[in-house]
Amino acid sequence: MKYNINNELKNIAKFRGAMVCNLYPLLNMFYKTNKCKSDDKVSVKKYSTPGYENATISTLVIEPKKCGDKLPCIMFFHGGGSLLKASNAHYKIAKLYAEKANCKVVLPDYRLLPKHRYPVAIEDCYKTYLWVAQSAEMLNINTDKMIVAGDSAGGNIAAAVTLMLRDRKHCIPKGVLLIYPILDKNMSSESMKKYTDTPIWDSKCTELFWKMYLENQETEQVKYASIMDTDSLAFFPKTYVEVAEFDCLHDEGVAFAERLQSENIPVELHETKGGCHGYEAALNSKIVKDSVDRRIKWLRSIFD
């Protein structure tokens, strides 16, 4: 192994970025067999929700069993380079958030690349956010305690939705939780130059993502794609950022957190030593368990 990846991640570290980018159609066939079902700790309901340009998408709402009063809500936008559907790991982590942070988790099945390019995914998720806010009574959700969260491309969506809500004169969420997010289309960081062959995701995958996602659109047309190009982040709420040590996206996550700090936004930054992109897939590892515990503590601080 070229990189000193934590031994707990050795099984997922076998998958190179090029494999994931080339095999995503097969992976999606497999992911379609994954179902997010109710269990003894949480209930799962499926809704048809509005998407971009009058489309309809499928959205899951996960909640703790026997919840009574209105609960806080996490809008959870799953990662996968906007190429992959939600994985079993996403479902399990969403359930952990609902159970341990005592909140509802809304998981939109937004439309994917390569068929649906920018801005379809972020507009699907923006529309779902508004649907949740407008359906708060029916869903039994406290709209004063809404958070957006996402990993990788889902982190890109979470940041974009926050900016869109500000620009379109809606209330922004109380917090933003980002896990190894894609934030900067310029791809100029040192980690982007260095990590060209890391497990799961690398700079070549990122280049493919941006090429497919933006499809040569003009800069002024894609303002929501790359949050680091935004003039000011002073409108952002409290934010949690988690990055992996051996990840081409490492530096842009750190740079984003530092920008927030420079604009006096409360931000919590964590680097997962020995981690590679996508380490959440190693659900039984101490790395993931410790990470989830930190996130739950932060979520509870926002909700309380």
Side-chain angles (χ1 to χ4, degrees), residues 28 31-39 41-65 67 70-99 101-113 115-116 118-143 145-162 164-165 168 170-179 224 299:
N28 275 334
Y31 284 170
K32 282 183 180 179
T33 66
N34 293 329
K35 302 295 181 183
C36 189
K37 298 179 180 179
S38 300
D39 57 33
K41 295 179 180 177
V42 300
S43 297
V44 180
K45 298 178 182 178
K46 182 183 289 188
Y47 295 86
S48 292
T49 61
Y52 183 47
E53 294 186 333
N54 299 315
T56 299
I57 65 172
S58 177
T59 295
L60 299 179
V61 178
I62 304 167
E63 61 185 36
K65 282 286 180 71
C67 57
K70 286 187 176 181
L71 291 183
C73 175
I74 300 173
M75 297 293 303
F76 182 17
F77 309 124
H78 71 82
S82 288
L83 287 165
L84 295 174
K85 298 180 74 65
S87 69
N88 192 44
H90 288 120
Y91 293 145
K92 289 186 176 180
I93 287 175
K95 287 182 172 184
L96 285 172
Y97 290 162
E99 175 198 351
N102 193 36
C103 65
K104 308 227 179 183
V105 178
V106 178
L107 189 62
D109 188 16
Y110 61 88
R111 289 170 290 171
L112 301 170
L113 296 172
K115 182 178 180 180
H116 301 288
Y118 176 91
V120 175
I122 59 173
E123 292 283 3
D124 278 352
C125 293
Y126 169 79
K127 290 281 190 180
T128 304
Y129 187 102
L130 294 185
W131 174 82
V132 169
Q134 293 161 2
S135 306
E137 287 296 322
M138 182 266 291
L139 296 172
N140 210 23
I141 282 172
N142 183 346
T143 55
K145 295 182 178 182
M146 290 182 67
I147 283 176
V148 293
D151 62 295
S152 193
N156 178 282
I157 294 172
V161 168
T162 303
M164 293 163 77
L165 289 165
R168 299 174 186 182
H170 295 284
C171 291
I172 64 170
K174 286 294 182 182
V176 178
L177 187 150
L178 305 176
I179 311 302
Y224 298 116
L299 288 166

So, taking the atom named [atom1] in [X] and the one named [atom2] in [Y], what distance separates them when rounded to the nearest 0.5 Å?
{"X": "Ile93", "Y": "Ile62", "atom1": "CD1", "atom2": "CD1", "answer": "11.5 Å"}
{"X": "Ile57", "Y": "His116", "atom1": "CD1", "atom2": "NE2", "answer": "11.0 Å"}
{"X": "Cys103", "Y": "Leu299", "atom1": "SG", "atom2": "CG", "answer": "6.5 Å"}
{"X": "Lys174", "Y": "Lys145", "atom1": "NZ", "atom2": "NZ", "answer": "9.5 Å"}
{"X": "Lys46", "Y": "Lys37", "atom1": "NZ", "atom2": "NZ", "answer": "11.0 Å"}
{"X": "Ser43", "Y": "Glu63", "atom1": "OG", "atom2": "CD", "answer": "5.5 Å"}

Is there a donor-acceptor contact under 3.5 Å from the side chain of [X] to the main chain of [Y]?
{"X": "Arg111", "Y": "Gly51", "value": "no"}
{"X": "Asn34", "Y": "Ser87", "value": "no"}
{"X": "Ser152", "Y": "Gly80", "value": "no"}
{"X": "Asn142", "Y": "Pro72", "value": "no"}
{"X": "Asp151", "Y": "Gly154", "value": "no"}

Nearest atoms (heavy-atom pairs only) where [X] meets [Y]:
{"X": "Leu178", "Y": "Gly155", "result": "CD2-O, 3.5 Å"}
{"X": "Gly150", "Y": "Ala158", "result": "N-CB, 4.3 Å"}
{"X": "Ile172", "Y": "Thr162", "result": "CG2-O, 3.9 Å"}
{"X": "Ser48", "Y": "Thr56", "result": "CB-CG2, 3.7 Å"}

Quick check: do [X] and [Y] have side-chain heavy atoms less than 4.5 Å from each other?
{"X": "His90", "Y": "Tyr31", "answer": "no"}
{"X": "Tyr91", "Y": "Leu107", "answer": "yes"}
{"X": "Asn140", "Y": "Leu71", "answer": "no"}
{"X": "Tyr224", "Y": "Glu123", "answer": "no"}
{"X": "Pro64", "Y": "Glu99", "answer": "no"}
{"X": "Leu112", "Y": "Leu83", "answer": "no"}
{"X": "Tyr129", "Y": "Met164", "answer": "no"}
{"X": "Tyr47", "Y": "Leu139", "answer": "yes"}

Q: Tell me whether the centres of the aromatic rings in Tyr110 and His78 are closer together than 6.0 Å.
A: yes
Q | Neighbour count above 12 (heavy atom, 6.0 Å) for Lys95 NZ | A | yes
Q.
Does Lys41, at its NZ atom, have more than 12 non-hydrogen atoms belonging to other residues, nucleotides or ligands within less than 6.0 Å?
A. no
Q: Run the salt-bridge test on Lys70 and Glu137 with the 4.0 Å N-O cut-off and return the result as yes or no.
A: yes
Q | Option among Leu165, Thr143, Ile147 that satisfies the side chain to side chain contact (heavy atoms under 4.5 Å, CB included) test with Pro173 | A | Leu165
(Q) Against Met75, only a single residue in Val148, Val161, Leu177 fulfils side chain to side chain contact (heavy atoms under 4.5 Å, CB included); can you say which? (A) Val148
